[in-house]
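Chain letters run A, B, ... following the sequence lines, proteins first, then strands; residues in each count from 1. Since we're looking at a predicted model, the values are computed, not measured.
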Protein chains: 2
Amino acid sequence: MKLTSKGRYAVMALVDLAKFNNFNPVSLRDISLRQGISLDYLEQIFSKLRKKEIVQSVRGTQGGYVLNKKAKEIKLTNIFDAVDEKVKTVQCKKDSKKGCNGKSTKCLTHNLWDELENHINNFFDEKSLEDLVKDNSERRI
Amino acid sequence: MKLTSKGRYAVMALVDLAKFNNFNPVSLRDISLRQGISLDYLEQIFSKLRKKEIVQSVRGTQGGYVLNKKAKEIKLTNIFDAVDEKVKTVQCKKDSKKGCNGKSTKCLTHNLWDELENHINNFFDEKSLEDLVKDNSERRI
DNA sequence: ATAAACCTGACTAAATTAGTCAAGTATCAT
DNA sequence: ATGATACTTGACTAATTTAGTCAGGTTTAT
Ligand code: FES
Ligand code: FES
């Protein structure tokens with residue numbers, strides 16, 4: 001049960017972006033330097049964020065990325081969804097009547113994992129990018 | 001962010017064990033057949049559960065495993081801890097002053113992941129094996 | 001023109017997971 | 001006693017996933 005670095009980096013980079021987003025685009029290079037994330041990796045991540053319309057790109061010199069929505073409206077759920085960082089606790093297909101292990105009924109623990117998944121997703125649904133930036137405003141980078 | 005099958009199997013097997021635990025030891029072979037988990041894998045798992053005193057073993061014919069505590073007292077936390085299914089959301093060493101990515105301060109998202117970790121662990125601290133068995137008593141296997 | 005910065009797809013090394021396999025030892029039923 | 005059942009241990013491995021790298025673009029401000 002652990003977080004992948006793709007998910008962690010996505011959030012980290014967006015917090016950085018939101019922080020430095022005074023109406024000028026922020027370049028990945030800057031984020032890379034500030035946060036210590038490989039530029040090439042960031043590009044992969046932002047390509048996905050752009051496709052899900054969380055950020056907008058500005059090409060060319062002085063280009064970079066800008067948030068495409070208000071920080072308040074970007075929830076962790078959206079970010080995780082964009083980079084395919086999914087919470088997967090059940091093994092079975094959720095909608096199917098079949099269970100994991102190829103059984104014809106749901107396993108003994110199915111309900112439990114389902115509850116857990118909801119529990120975690122609630123957390124992600126509530127946290128917005130704005131919350132994260134605020135939470136950091138008292139701190140140094 | 002996903003659960004490994006070691007953790008899932010451990011819980012599944014213990015629910016099975018608790019269910020069939022009418023003061024006779026339950027053999028891993030039976031659990032294996034009922035739950036569709038490889039016997040060899042179950043042995044690895046139960047070896048760990050025994051070392052953490054969650055179950056007791058009874059050797060020889062008619063042997064098997066019994067719970068070592070009341071189902072009410074066995075929390076998910078204990079089970080996960082026993083089989084090394086750990087919730088790891090932060091990347092850094094928690095106690096160290098240093099951050100992840102080799103930085104000298106905690107990263108922008110450290111607090112967030114820490115909160116998430118607590119959120120998940122709360123869930124595990126509250127759920128007992130008894131809860132799971134009860135939750136299943138209305139269902140068929 | 002040129003440099004900054006986005007864009008894309010393919011590739012790969014390392015780590016982790018999910019087991020299997022082999023060779024035991026202990027105990028009970030008969 | 002002896003066989004069968006079931007626990008015990010450690011080593012090994014195939015498959016998957018992760019966390020990137022790399023090589024080549026294209027776009028646009030200056
Ligand atoms: S997790 Fe859904 S049936 Fe096992
Ligand atoms: S997760 Fe703790 S410093 Fe980044």
- [ ] Answer yes or no: does a side-chain N or O of B/S27 lie under 4.0 Å from OP1 or OP2 of D/dC7?
- [x] no

TODO: May I have the distance from B/L28 (atom CG) to D/dT9 (atom P), rounded to whole angstrom?
DONE: 13 Å

TODO: Evaluate the ring planes of A/Y41 and A/Y9, with Trp represented by its six-membered ring, and classify them as parallel (under 30°), tilted (30 to 60°) or perpendicular (over 60°).
DONE: perpendicular

- [ ] May I ask you to verify if any side-chain N or O of A/Y9 is less than 4.0 angstrom from the OP1 or OP2 atom of D/dT18?
- [x] no

Open item on the list: Would you say B/Y41 places a side-chain N or O within less than 4.0 Å of OP1 or OP2 belonging to C/dC21?
Closed with: no

Open item on the list: If you compare every side-chain N and O of B/S5 against the phosphate oxygens of C/dG19 (OP1, OP2), does one of them come in below 4.0 Å?
Closed with: yes

Task: For atom CG of A/D40 and atom C1' of C/dA5, their distance in whole Å - done: 13 Å

Open item on the list: Between A/K2 and B/G60, which residue's closest nucleotide on DNA chain D lies nearer the 5′ terminus?
Closed with: B/G60

- [ ] Using atom types as modelled and distance alone, determine if a side-chain donor or acceptor of A/K72 lies under 3.5 Å from a backbone N or O of A/I74.
- [x] no

TODO: Check whether the side chain of B/Q44 and the base of C/dT20 form a donor-acceptor pair under 3.5 Å.
DONE: yes

Open item on the list: So, under a plain 3.5 Å distance rule, would you say the side chain of B/R29 forms a donor-acceptor pair with the base of D/dT5?
Closed with: no

Open item on the list: Can you tell me if A/S38 touches the phosphate of D/dT21, counting only side-chain N or O atoms and a distance under 4.0 Å to OP1 or OP2?
Closed with: yes

Task: Separation of atom CD1 in B/I45 from atom P in D/dT8, rounded to whole Å - done: 15 Å

Task: Residue B/E73 excluded, over 12 heavy atoms near CD under 6.0 Å - done: yes

Open item on the list: In whole Å, I'd like the distance from the CD atom of A/Q91 to the C1' atom of C/dT17.
Closed with: 12 Å

Task: C/dC28 OP1/OP2 closer than 4.0 Å to side-chain N/O of B/R59 - done: no

Open item on the list: Regarding A/Y65, tell me which of base, sugar-phosphate or nothing describes its non-hydrogen contacts under 4.0 Å with the strands shown.
Closed with: sugar-phosphate

- [ ] For A/T61 and for A/V26, find the nucleotide of DNA chain C with the closest heavy atom, then tell me which residue's nucleotide is more 5'.
- [x] A/T61

